[in-house]
Structure formats: structure tokens, C-alpha cells
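These figures come from a predicted structure and were not determined experimentally. As a basis for the values below, the full set of heavy atoms in this structure was taken, side chains included, without hydrogen atoms, waters or symmetry mates. For ligands, and for the atoms within them, numbers begin at 1 and follow the listed sequence.
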Amino acid sequence: MLFHVEMTVRLPHDMPPAQAEQLKAREKEIAQGLQRDGVWRHLWRIAGRYANVSIFDVADVASLHDTLLTLPLFPYMDIQVRPLCRHGSSIHGDDR
Ligand SMILES: O=C(O)CC1=CCC(=O)O1
């Protein structure tokens with residue numbers, strides 16, 4: 001199942017820089033692992049915002065929720081999830 005996920009990062013202004021950098025480094029590691037696994041299919045920066053638009057490919061809603069919970073930045077993100085399905089006019093196959 002495909003999900004459009006928008007993540008807005010809101011790190012506390014008083015978070016120690018070293019802690020923020022450690023969180024971001026760990027987030028990057030996990031994100032790249034999930035991309036390699038085919039779960040995190042797309043990751044795009046929203047220009048001008050500390051936010052991204054992503055496409056996740058997971059078995060079900062619970063799996064998406066569990067995956068998002070594992071992200072180190074999860075406690076510091078506003079996350080919006082939209083389920084996706086195929087569009088009848090799409091010229092793209094199932095390779096997504
Ligand atoms: O910077 C972001 O949008 C949050 C994030 C997602 C993957 C990552 O490495 O950072």
C-alpha cells in the first residue's frame with residue numbers, strides 16, 4: 001500500500017546542538033535503510049520549509065504507523081498521512 005506522508009520537523013529551539021545533530025544523523029541512517037528496503041520510496045524536501053514529502057510502500061496502515069514511530073525525529077515532527085491508490089489516467093505501470 002502507498003502513502004503520501006508529509007513531515008514537518010519542529011526541533012525545540014533550546015535543544016542542545018549536539019543532540020539535534022545526533023538525532024538528524026540517526027534519522028538519515030534509518031531513512032536510507034528504509035529506502036534501500038523499498039519502504040521509503042520517495043523523499044523530497046519542501047523548498048523553503050524544514051519539511052519533506054515522502055511516499056511509503058508498506059503492507060498496511062499499522063505498518064506505516066509502526067515505521068514512523070521508529071524515526072528518531074518522530075517526537076519532533078508534525079506528520080500528515082494520506083493513503084494513495086492508482087489513478088485511471090496514469091501511464092505508469094506498477095513499478096510506481
Ligand atoms: O529533514 C527532514 O525532512 C526529516 C528527515 C527525513 C529523513 C531524514 O534524514 O531527515
Side-chain angles (χ1 to χ4, degrees):
M1 294 177 71
L2 291 180
F3 294 89
H4 173 283
V5 181
E6 181 172 326
M7 304 176 201
T8 301
V9 183
R10 302 188 193 283
L11 290 174
H13 295 301
D14 61 352
M15 177 179 283
Q19 181 184 357
E21 289 313 307
Q22 185 178 39
L23 278 171
K24 286 186 265 187
R26 185 74 185 112
E27 182 87 6
K28 181 176 181 177
E29 282 177 29
I30 292 174
Q32 294 186 333
L34 288 169
Q35 290 172 74
R36 283 189 289 271
D37 293 344
V39 171
W40 201 325
R41 300 294 297 272
H42 292 274
L43 170 57
W44 296 91
R45 173 65 72 217
I46 298 175
R49 291 174 50 198
Y50 192 3
N52 73 71
V53 167
S54 295
I55 301 294
F56 280 75
D57 190 353
V58 290
D60 52 35
V61 178
S63 298
L64 177 68
H65 181 70
D66 292 344
T67 299
L68 295 175
L69 278 177
T70 67
L71 299 177
L73 288 176
F74 177 80
Y76 309 103
M77 291 196 288
D78 293 331
I79 299 177
Q80 180 186 65
V81 174
R82 293 185 175 99
L84 300 174
C85 62
R86 292 194 57 76
H87 191 291
S89 299
S90 173
I91 64 169
H92 299 292
D94 281 338
D95 63 344
R96 296 170 186 167

Residues 64-81, side-chain donor-acceptor partners within the protein, below 3.5 Å, at least two apart:
from  : atom 1 : to    : atom 2 : distance (Å)
Thr67 : OG1    : Ser63 : O      : 2.8
Thr70 : OG1    : Thr67 : O      : 2.5
Asp78 : OD2    : Arg10 : NE     : 2.2
Asp78 : OD2    : Arg10 : NH2    : 3.1
Gln80 : OE1    : Arg82 : NH1    : 2.9
Gln80 : OE1    : Arg82 : NH2    : 3.3

Where at least one partner belongs to residues 29-39, residue pairs that pass salt bridge (charged side-chain N to carboxylate O under 4.0 Å, His left out), sequence neighbours excluded: Arg26-Glu29
According to side-chain contact (heavy atoms from CB on, under 4.5 Å), who are the partners of Ile46, at least two apart in sequence or on a separate chain? Glu6, Arg49, Ala51, Val53
Lys/Arg N to Asp/Glu carboxylate O, Glu21 vs Lys24, below 4.0 Å: yes
Counting only heavy atoms not in Gln35, do more than 12 fall under 6.0 Å of its CD? yes
If I compare all heavy atoms of Phe3 with all of Pro83, which pair ends up nearest, and what's the gap? CD2-CA, 3.6 Å
Tabulation required: pairs of a nitrogen or oxygen in ligand 1 and a protein nitrogen or oxygen under 3.5 Å; columns are atom names and distance to 0.1 Å; otherwise 'none'.
from     : atom 1 : to    : atom 2 : distance (Å)
ligand 1 : 1 (O)  : Arg45 : NH1    : 3.3
ligand 1 : 1 (O)  : Arg45 : NH2    : 2.8
ligand 1 : 3 (O)  : Arg45 : NH1    : 2.7
ligand 1 : 3 (O)  : Asn52 : ND2    : 2.9

